[in-house]
Amino acid sequence: MTTTERPDTLRRILDHSSRADPYPLYAELRRTPVALQEDGSYVISTYRELTGILHDPRLSSDVRNLSRPMAAVEGRATPSFINLDPPEHDRLRRLAMRHFGPPHTPGLVAGLEPDLAAVVGGLIDGFADRERIDVVDDFAYPFPVTVICRLLGVPREDEPRFHVWVNAIIESIDYDPGTDPPEKLDNGVQATKDLREYLGGLLEGRHGRPGDDLLTRLANDDGPDGRMTDEEIISTANLLLIAGHETTVNLIANGVLTLLRHPEVLNRLRGEPGLVVPLVEELLRYEPPVHIIPWRAAYSDITVGDTVIPKGSQIMLMLASGSRDPDRFEDPDRFTPDRRDNQHLGFGSGIHLCFGGPLARLETQIALTELVRRLERPGLVVDPPPYRPSPVLRGPLHLYVEQG
């Protein structure tokens, strides 16, 4: 079938009133694995179909391959590699990865562990004696922001400036011209320009100078693929700054919320710290930080299941729905911290598999282990908590916890 049984299912998923629990709606959506929408776009919601198309070279991340331009991505500057296809995607990702992980810097993420633990410890010291904390504002947000600033070479004291821009950019990702005010898109476009101008200013002083931060390394790297242009460096830094903390904030906050809803698992983690490794993988399946890839393009006609998606069509990928698909995961709506065969879609799949996934995993493992160890009898103040506006990057806006 290529039409939804309930045409309003997607609209309800995107509506903020469903943010606290979209999973029953995902189950409804999965009745039609490939669903044609009224606007001509296609929504894919089942695990088999999602993994298949994520590895299909006919799926394009380049907006220029859409037959109908999208307002939310028009007028933006040089795209980052997440919005490009091979071979340009591969070249830029290789250049960035030279300084972020294997094979050129294989020990980077693991070597950060003492610094990550120190940041986490310092944050917990700051609120350990308080009866009530906001896990988001006091912990889940400042931790990954501090880390990505150090890695990139962005002054941590500039966070109040770029925080406003990042929020506007995130809110414009799912812009719908039919329901959203034009200001939402305008604010996102302007914030993108402001953030890129800011990063360009930081880059100006990095050429020809030594330094261990990523901006400086990219500015002075003449590897086998050549050197990135300044515009490419700015686009890469823009991507890493936003993705380097936004997703991890959600993963940590969703993790704390899930543990407090499952006190038997929280107590088990206290006694078995090693459980945190499979537990974080289960979080990425059960309460992932990224729920939707809001658009991809059909580079040519693509057959998915029994549906032919025409060339140029917009495709929306419901990753969180795929990770709760009962045809792939046993008892998918149950949180099982040591689940086996957990090939979730929490970090996507295929050539765009999350660049910073290893760092996000380690940050979350350390954050949850230490928070569980040091908080005294924590309990939720409000459940469900208030959620952020975005259905794409889903997580609590605030998460109030009392202890003692």
Side-chain angles (χ1 to χ4, degrees), residues 14-20 22 70-77 79-80 82-83 123 134-152 154-177 179-202 234-254 256-257 288-295 354 356 360 363 384-400:
L14 300 180
D15 189 274
H16 190 263
S17 63
S18 302
R19 202 71 72 243
M70 290 183 61
V73 291
E74 283 187 281
R76 306 227 168 163
S80 62
I82 199 174
N83 289 320
L123 289 170
D134 179 356
V135 169
V136 176
D137 286 352
D138 295 331
F139 187 65
Y141 179 77
F143 173 38
V145 166
T146 299
V147 174
I148 198 63
C149 282
R150 289 183 184 178
L151 280 173
L152 278 175
V154 172
R156 179 63 173 82
E157 59 270 22
D158 287 350
E159 183 274 336
R161 293 178 64 192
F162 66 71
H163 180 62
V164 175
W165 299 328
V166 170
N167 277 349
I169 293 168
I170 295 300
E171 289 182 12
S172 70
I173 287 177
D174 61 320
Y175 174 76
D176 183 347
T179 58
D180 292 327
E183 292 78 16
K184 180 177 179 179
L185 177 61
D186 294 341
N187 291 340
V189 172
Q190 184 60 51
T192 300
K193 292 177 180 176
D194 291 340
L195 181 55
R196 292 175 65 90
E197 183 177 337
Y198 165 75
L199 292 170
L202 294 180
I234 291 168
S235 292
T236 300
N238 181 83
L239 168 65
L240 297 182
L241 179 62
I242 296 174
H245 74 273
E246 282 292 321
T247 53
T248 311
V249 172
N250 286 347
L251 184 56
I252 293 172
N254 288 338
V256 175
L257 176 61
V290 180
H291 272 227
I292 303 168
I293 297 177
W295 72 268
C354 180
E363 287 175 316
Y387 275 82
R388 301 170 69 182
S390 176
V392 175
L393 298 173
R394 175 183 170 273
L397 178 64
H398 298 288
L399 184 61
Y400 297 109

Inset, instruction - Look only at the side chain of Asp134 and the backbone of Tyr400, and say whether a donor-acceptor pair between them is shorter than 3.5 Å. - result: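 Not at all, since once roles are kept as given, no pair shorter than 3.5 Å links the two residues.
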Legend entry - Donor-acceptor pair, side chain of Arg156 and main chain of Val147, under 3.5 angstrom: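 Flag not set: sc Arg156 to bb Val147 has no pair under 3.5 Å.
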Inset, instruction - Hey, can you tell me if Tyr141 and His245 have their rings parallel, tilted or perpendicular (30° and 60° cut-offs)? - result: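 Judged by the thresholds at 30° and 60°, the geometry between Tyr141 and His245 is perpendicular.
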Distance check, rounded to the nearest 0.5 Å: [X] atom [atom1] versus [Y] atom [atom2]?
X      : Y      : atom1 : atom2 : result
Ile82  : Ser235 : CD1   : OG    : 12.0 Å
Asn83  : Trp295 : CG    : CH2   : 5.0 Å
Ile242 : Ile170 : CD1   : CD1   : 5.5 Å
Leu241 : Ile234 : CG    : CD1   : 13.0 Å
Asn254 : Asn250 : CG    : CG    : 5.5 Å
Glu363 : Leu251 : CD    : CG    : 9.5 Å

Inset, instruction - Just do the side-chain contact (heavy atoms from CB on, under 4.5 Å) check on Val145 and His163 with the steps written out, would you? - result: CA-CA 10 Å; Val145 166; His163 180 62; over 6 Å; no
Legend entry - Worked check of side-chain contact (heavy atoms from CB on, under 4.5 Å) between Asn238 and Trp165: CA-CA 11 Å; Asn238 181 83; Trp165 299 328; over 6 Å; no
Are any of the side-chain heavy atoms of [X] and [Y] separated by less than 4.5 Å?
X      : Y      : result
Leu199 : Phe162 : no
Leu202 : Pro155 : yes
Val166 : Glu246 : yes

Legend entry - Worked verdict on Asp138 versus Leu123 for side-chain contact (heavy atoms from CB on, under 4.5 Å): CA-CA 7 Å; Asp138 295 331; Leu123 289 170; over 6 Å; no
Inset, instruction - Verify whether one side chain among Gln190 and Asp186 offers a donor that lies under 3.5 Å from an acceptor in the other. - result: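 Side-chain D/A pair, Gln190 to Asp186: absent.
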Legend entry - Flag for Ser390-Arg19: side-chain donor and acceptor within less than 3.5 Å: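 Short answer, no.
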What are the two closest non-hydrogen atoms of [X] and [Y], and how far apart are they?
X      : Y      : answer
Pro396 : Val136 : O-CG2, 3.6 Å
Gly188 : Ile169 : O-CG1, 3.9 Å
Ile292 : Leu14  : CD1-CD2, 4.1 Å
Pro144 : Val249 : CG-CG2, 3.8 Å
Leu399 : Ala253 : CD2-O, 3.5 Å
Pro22  : His291 : CG-CE1, 4.0 Å

Inset, instruction - Applying side-chain contact (heavy atoms from CB on, under 4.5 Å), run through Leu240 and Thr236 and close with a yes or a no. - result: CA-CA 6 Å; Leu240 297 182; Thr236 300; 4.0 Å; yes
